[in-house]
Amino acid sequence: MSAPETLRFVDDTLVLIDQTKLPGELTELRCTTVPQVHDAIVRLVVRGAPAIGIAAAYGVCLAGSAAAGDDAISDHNTSDKSAYLAAIQSLATSRPTAVNLFWALDRMRAVVESTPTGELQQRLVAEARAIHDEDRAMCHAIGRNGAALLSGAASVLTHCNAGGLATSTWGTALAPIYHLQQSGRAPKVFADETRPLLQGGRLTAWELSQAGIDVTVITDSMAGSMMRQDMIQAVIVGADRITARGDVANKIGTYPVAVLARHHGIPFYVAAPTNTFDLTLDSGDEIPIEQRAREEVAAPHGIKLVPDQANVLNPAFDVTPAELVTAIVTERGVIEQPTKQKIADHFATNAS
Ligand code: MRU
């Protein structure tokens with residue numbers, strides 16, 4: 001398989017790289033029904049905030065496709081808008097934290113509500129493709145806008161995977177690195193392995209090494225001592241939801257990295273498209289944090305690491321307060337030391 005895409009929609013089928021299998025196997029999962037897309041998002045076959053939104057948008061289209069066949073939603077007459085609305089409602093329950101999911105589903109709902117039923121399937125596919133195309137443009141713009149921030153850094157640290165596997169193309173946090181690579185100036189990348197599901201060790205390391213970028217995986221607990229030894233000049237991460245005041249929800253373990261960066265005087269950058277902002281929330285404490293299954297921590301890959309008698313906590317995300325963020329990079333520009341006012345100005349003055 002050459003240069004596979006994270007996700008594509010062909011012949012009424014959503015084709016996803018199965019990220020649960022990487023880096024061992026590069027395989028694709030084909031989804032032809034809404035429940036299959038729902039399950040793929042829940043299981044992290046497709047993951048990363050922008051990719052979840054794009055997958056869900058295509059998922060809505062499957063409610064009206066001939067292939068929907070034997071799933072529950074196909075019981076509706078597909079010329080009836082209720083099949084699509086039921087799909088939107090169902091997909092919205094797949095994961096709670098990444099606001100891009102709800103942003104994409106809101107766009108699909110607006111099309112359902114404003115389009116005559118006869119044209120609906122075609123218009124929905126066009127809208128999902130538009131969301132996908134816009135994401136490609138956003139990744140490249142974030143790459144351009146973030147490159148100057150990283151251009152003096154010999155080595156950067158990233159957490160989780162906010163690269164091509166989390167989006168349509170370059171990603172968010174990795175986009176400036178891919179951008180710099182085009183002029184032969186890519187920094188070395190340290191990738192936190194990112195317990196418990198190892199998106200850094202499995203996915204960031206896979207995609208950067210495929211692209212020929214120097215990447216070194218470290219355990220999450222190594223970041224502090226590496227900063228102390230001046231081995232890291234900048235941190236850059238993605239985001240699942242950013243509030244009006246600039247608090248950032250991202251993969252669990254991001255907050256301690258931000259605290260370490262502040263202690264060591266290292267800039268901590270967040271790269272995210274504007275559709276990752278949730279301006280209805282002020283404080284990060286209001287962001288719903290997904291709690292995932294005990295087994296992901298206690299028995300990964302079926303290997304028992306924790307006794308049955310012990311409790312386990314497994315929140316998938318944490319919140320980094322705006323005060324610890326040096327800058328947020330969006331497709332529209334850079335918000336230095338984010339505050340509520342600066343974020344409002346960014347949205348007002350850079351409206352697309
Ligand atoms: O649980 P995941 O793998 O979906 O978490 C992904 C992250 O936390 C990413 O950093 C975030 O979604 C940004 S992706 C551009």
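Just so you know, ligand 1 is whichever comes first in the structure, and atom 1 is the first atom listed for that ligand.
For His132 and Tyr58, the ring centers are positioned less than 6.0 Å apart.
With a 4.0 Å heavy-atom cut-off, ligand 1 is reached by the backbone of Ala239 but not by any atom from C-beta on.
Within a 6.0 Å sphere centred on CD of Gln291, heavy atoms belonging to other residues, nucleotides or ligands number more than 12. Within 6.0 Å of atom NZ in Lys188, 12 or fewer heavy atoms from other residues, nucleotides or ligands are found, so the atom counts as exposed in its surroundings.
Within the structure, ligand 1 lacks Thr276 among the residues with a heavy atom less than 4.0 angstrom away.
Here the heavy atom of the protein found nearest to atom 4 (O) of ligand 1 is Arg95 NH1, 2.8 Å. Protein heavy atom at the shortest distance from atom 10 (O) of ligand 1 is Asn250 OD1, 2.6 Å. For atom 11 (C) of ligand 1, the nearest protein heavy atom (residue, atom name, distance) is Asp240 OD1, 3.1 Å. The protein atom (non-hydrogen) at minimum distance from atom 14 (S) of ligand 1 is Ala166 CB, 3.5 Å.
If you number the atoms of ligand 1 from 1 as listed, the ones under 4.0 Å from a heavy atom of Cys160 come out as 5 (O), 6 (C), 7 (C), 8 (O). Close approach of ligand 1 to Gln199 (heavy-atom distance below 4.0 Å) involves ligand atoms 1 (O), 2 (P), 3 (O). Listed by number with element, the atoms of ligand 1 under 4.0 Å from a non-hydrogen atom of Thr172 are 15 (C). Residue contact check: Ala162 has heavy atoms under 4.0 Å from atoms 14 (S), 15 (C) of ligand 1.
From Glu296, atom CD reaches atom NE2 of His301 across 10.0 Å, with rounding to the nearest 0.5 Å.
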